[in-house]
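Remember, it's a predicted structure, so these values are computed and weren't measured experimentally. The chains referred to below are lettered A, B, ... by the order of the sequence lines, with proteins before strands, and numbering in each begins at 1. Reckoned from all heavy atoms, side chains included, excluding hydrogens, waters and symmetry mates.
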Amino acid sequence: MSNFSLPKSERICDQVLISEIFELGNTVKDFPVFAHYLLKDFNGKPLQVLFSVPKRNFKSAIKRNVLKRKMREAYRLNKNTLATVLKNKKQSMNIAFVYTGKEICTFEKLEKKIIAILDRLSEMHEKGLC
RNA sequence: AUGGCUGUUCGUCCCAUCGCUCUUUGAAAUACAGGGGAGGAAAGUCCGGACACCACAGAGUGCCAUGCUUCCUAACAGGAAGGUUCAUACUUGUAUGAAACAGAUAGUGCCACAGAAAAUAUACCGCCAUGCUCCGGUGUGGUAAGGGUGAAAACGUGAGGUAAGAGCUCACGUCGGUCUGAGGUGACUCAGGCGGAGGUAAACCUCAUGGGGUGCAAGACCAAAUAUACCGGCUAUUGGGUUACUCGCUCAGGCCGGGGGGUAGGUUGCUACAAUUGAAUGGCGACAUUCAAUGCAGAUAAAUGAUGGGAAUAGCGCUUGCGUUAUACAGAAUCCGGCUUACAGAACAGCCUUUUUU
RNA sequence: CGCCCGUUCGUCUAGUUGGCCUAGGACGCCAGGUUUUCAUCCUGGAAAUCAGGGGUUCGAAUCCCCUACGGGUGA
């Protein structure tokens, strides 16, 4: 399975779900990215995500947009291992990526961090620690 | 040539791979294919409109905004062309720049400190006349030229006049008011007459003009989802009470509608018009009219991108054609017209400084 | 996206009908005194270009305009 697309159905657009993630979910940190995640029963989509950059750290809308785009690209290219793991277990996961750094970092660095987070999540999931 | 200022225009480009969003054909749907996809400021939300809903007899008062004139415009606190005043420059009547630039002669208030006095004028030192005198002064009256104070001192200069003085009179000026004549669409200008002179309206205010309120989270429709205070209607067919019974009345229930509470999506509004580009005509100009061509974002936890390679421009380094670094300000959210603010660099036009050559 | 409000010593604030305000008070800070010492207490001092810039005025924290930052609110 080599699906690099990220249509709207794989993004979170529901306010109730978002507040659930931030209130009930657990966190995985790898500076400068903070991932809140919440595990659920399988409902057709293995993964749903959202990306956020706080306005507190970046006043300019352009800088926020750039970081969100970079994070989305990094996730889009590396999401498949976690997706297969979840699909095999018949569960789905909602993840919220929040950028907590105060300076813009390069794409390569961001990609490494996001891969690390996704690897940790899939490992934990295979062991059943979530 | 170099540097600076002002104005106008532009404000990185190409290819590959992987994606996002809208739309068209086809289609149950996905997938595939074709097409479109940020700006000059999209920003600030400072003005003005369109559009929508709510409110609304008429008039007045109040509140807010604007404030030289004419024009442009859908409208404006915007723009164009002019007028006036002020500042600067010199060629001394021109150029450049600036102006919340209606009214202080409608009325009220304020003008700290200093100063005699801050606006009905007044009198500390003075000046003049005169009374008294111990000849040092002092009382009374007149006066406001000079001194000192202040941001500002009753219009400025000169002459006449006078006991001393004073727009008291005259000449030349400054300012604004009013009347007459001339020019101009008008602000205003010129000439003459009359009467006049502190400032402050970004103090209250007066005059003129304009303004109903709320904003696309406006509003419309569809689907879902239900506790029900309360109100109205229906109840052939439900039950209780009243009654001997029927009708009637009444209470409860049911249904419908309203009202009010709470949950939470979708569609629409939504992108084709004060539209953009080009030409012609009219106008000093802002701009208008006509003709032709074009179709040019529409997201909603919110798309318009990421990576790699190449080009262009700029800086740095030296091997002088290679390496390396950087590519401004900044991201639509109902839509337009302005204003304000941010902005690497490039091009064009005008003006100024310095240097070189003829 | 729309609408509204605020910004004054290190902190919390007063003053916002223009002049007494180059700005008052409390807490905190510094120095001295009191005490065997510390605290309390007493005395004195420093600390603000009133968010930034421009304008009106003789004179601005105050009036007007622009900018920056912070906050509130609207189904």
Decide yes or no for A:Lys109 and A:Lys112: does some side-chain heavy atom of the first lie under 4.5 Å from some side-chain heavy atom of the second? no
Anti versus syn assignment for B:G213, with syn defined as within 90° of 0: anti
Classify the side chain of A:Arg69 versus the base of B:C20 as yes if they form a donor-acceptor pair under 3.5 Å and no if they do not. no
Scan every strand shown for a Watson-Crick or G-U wobble partner of B:U69, both distances under 3.5 Å, and answer none if you come up empty. B:A81
When rounded to the nearest Å, what value does the distance between C1' atoms of B:C110 and B:C204 take? 11 Å
Calculate the interatomic distance between A:Asn65 atom CG and B:A306 atom P; express it in whole Å. 10 Å
note: A:Tyr75, atom OH; B:C20, atom P; distance rounded to Å ~ 13 Å
Could you please name the option among B:A330, B:A38, B:A306 that lies closest to any side-chain atom of A:Ile62? B:A330
Distance, nearest 0.5 Å, that separates NZ of A:Lys79 from CD1 of A:Ile114: 13.0 Å
Rounded distance in Å - CG (A:Leu77) to P (B:G308): 12 Å
Under 30°, 30 to 60°, or over 60°: which ring-plane class applies to A:Phe97 and A:Phe51, parallel, tilted or perpendicular? parallel
Taken to the nearest whole Å, NE2/A:His36 to P/B:A301 is 19 Å
Can you tell me the distance, in whole Å, between the NZ atom of A:Lys109 and the P atom of B:A306? 19 Å
If you check the A:Lys70 side chain, which of B:A38, B:C18, B:U307 turns out closest? B:U307
With nearest nucleotide decided by heavy atoms, which residue, A:Leu50 or A:Val66, maps closer to the 5′ end of RNA chain B? A:Leu50
Could you tell me which nucleotide pairs with B:G115 by Watson-Crick or G-U wobble geometry, both distances under 3.5 Å, or answer none if nothing does? none
Identity of whatever pairs with B:G131 - Watson-Crick or G-U, under 3.5 angstrom: B:U138
If you compare every side-chain N and O of A:Arg72 against the phosphate oxygens of B:U21 (OP1, OP2), does one of them come in below 4.0 Å? no
B:G7 -> Watson-Crick or G-U wobble partner, both distances under 3.5 Å, gives B:C348
For B:C175, give the paired nucleotide (Watson-Crick: N1-N3 plus N6-O4 or O6-N4; G-U: N1-O2 and O6-N3; both under 3.5 Å), or none. B:G196
Watson-Crick or G-U counterpart of B:A151, or none if no pair lies under 3.5 Å: none
Counter-base of B:A52, judged by Watson-Crick or G-U geometry with both distances under 3.5 Å: B:U214
Atom pair distance, as rounded to whole Å: NZ in A:Lys79 and P in B:A306: 19 Å
